[in-house]
Amino acid sequence: ETGVTQTPRHLVMGMTNKKSLKCEQHLGHNAMYWYKQSAKKPLELMFVYSLEERVENNSVPSRFSPECPNSSHLFLHLHTLQPEDSALYLCASSQASGGYEQYFGPGTRLTVT
Amino acid sequence: GENVEQHPSTLSVQEGDSAVIKCTYSDSASNYFPWYKQELGKRPQLIIDIRSNVGEKKDQRIAVTLNKTAKHFSLHITETQPEDSAVYFCAASGTNAGGTSYGKLTFGQGTILTVHP
C-alpha cells in the first residue's frame with residue numbers, strides 16, 4: 001500500500017488496557033507526526049519526530065507514549081486512558097525541512113470505555 | 001509558538017456562490033501556508049498551498065491570498081458545488097522555540113462548509 005497507513009482503523013479499549021497504534025509511511029519522508037482530532041479541538045499536534053528524534057511534545061499526558069524506531073514507522077503506545085481520550089488519532093509524514101506538505105493517514109478511531 | 005485563528009467556524013452557501021475562509025497567524029517567521037480539505041470520515045488532504053514569497057495562487061475554482069504584513073491569508077472557492085461540502089483547515093509552518101522549522105504545521109480550528117444544491 002502506498003502513502004501513509006494506520007492500524008488499527010478502529011479500537012475500543014477499557015481504561016486499564018494497554019494498546020498501541022501503528023503508522024507506516026511509504027513516501028520516503030523523514031518527519032512524522034501524531035495528531036488528536038476531536039469535536040472540541042479539531043487538530044491537536046501531539047508529537048513530532050524529525051530524523052527519528054522527538055523534537056516536540058505538546059504537553060501530552062504520559063499515558064501516551066510515542067516511539068519512532070525508524071523514519072518509516074511511528075507508534076503511539078496507550079495505557080490507562082481516560083474516556084476524554086476518545087478521538088480520531090491521525091498520523092502524518094512530511095519532509096523534515098519546513099514548507100512541505102504533510103500527508104495524513106486514514107486515522108484510528110479510538111473509543112475508551 | 002505559532003497561533004492560527006480561523007473564521008468562520010461554519011459557512012453555508014448556495015450552489016454556485018463563492019465561499020471565503022480567513023485565517024490569521026502570529027509567527028512572522030512562518031513561510032508556508034497550506035489549506036486542507038477533510039470530507040466526512042476521511043483524512044485531511046491538501047488542496048492548495050502558498051509560500052511567503054507569493055501573494056496569490058490559483059488552481060481552477062480555488063485561490064489563496066496571503067498578506068504577510070497583516071499576517072493573514074484566505075481561501076476563496078468560486079462556483080461552489082455540493083461536493084465542496086467538507087471541513088477546511090488552514091495551517092502555518094511556524095518555528096519551534098529555537099527558531100527552526102522542521103516541517104511542523106499549526107492548524108486553525110476548521111471551517112465546516114455546507115453547499116446547498
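Quick note on labels: first sequence line is chain A, next is B, and so on, each numbered from 1.
In this structure, chain A has no heavy atom under 4.5 Å from any part of B:Pro34. Using a 4.5 Å cut-off between heavy atoms, A:Gln37 contacts chain B through its side chain alone, with no backbone atom that close. Contact annotation for B:Tyr36: only side-chain heavy atoms (C-beta onward) come within less than 4.5 Å of a heavy atom of chain A.
Of all heavy-atom pairs between B:Leu105 and A:Tyr35, the closest is O-OH, 3.8 Å.
No more than 12 heavy atoms of other residues, nucleotides or ligands sit less than 6.0 Å from atom CD of A:Glu53. More than 12 non-hydrogen atoms from other residues, nucleotides or ligands lie less than 6.0 angstrom from CD of B:Glu83. Heavy atoms from other residues, nucleotides or ligands lying under 6.0 Å from CD of A:Glu67 number more than 12.
Clustering ILVMFWY residues whenever any of their side-chain heavy atoms sit less than 4.5 angstrom apart, transitively, puts A:Val12 in a cluster other than the one holding A:Tyr89. Residues A:Leu45 and B:Phe107 share a single hydrophobic cluster, defined by chaining ILVMFWY side chains whose heavy atoms lie under 4.5 Å apart. Clustering ILVMFWY residues whenever any of their side-chain heavy atoms sit less than 4.5 angstrom apart, transitively, puts B:Ile77 in the very cluster that holds B:Ile48.
When side chains are defined from C-beta on, B:Arg43 does not count as touching A:Tyr103, because their heavy atoms never get closer than 4.5 Å.
The CG atom of A:Leu88 lies 7.0 Å from the CD atom of B:Gln38; values are rounded to the nearest 0.5 Å. Separating the OH atom in A:Tyr33 from the NZ atom in B:Lys104 is a distance of 10.5 Å, to the nearest 0.5 Å.
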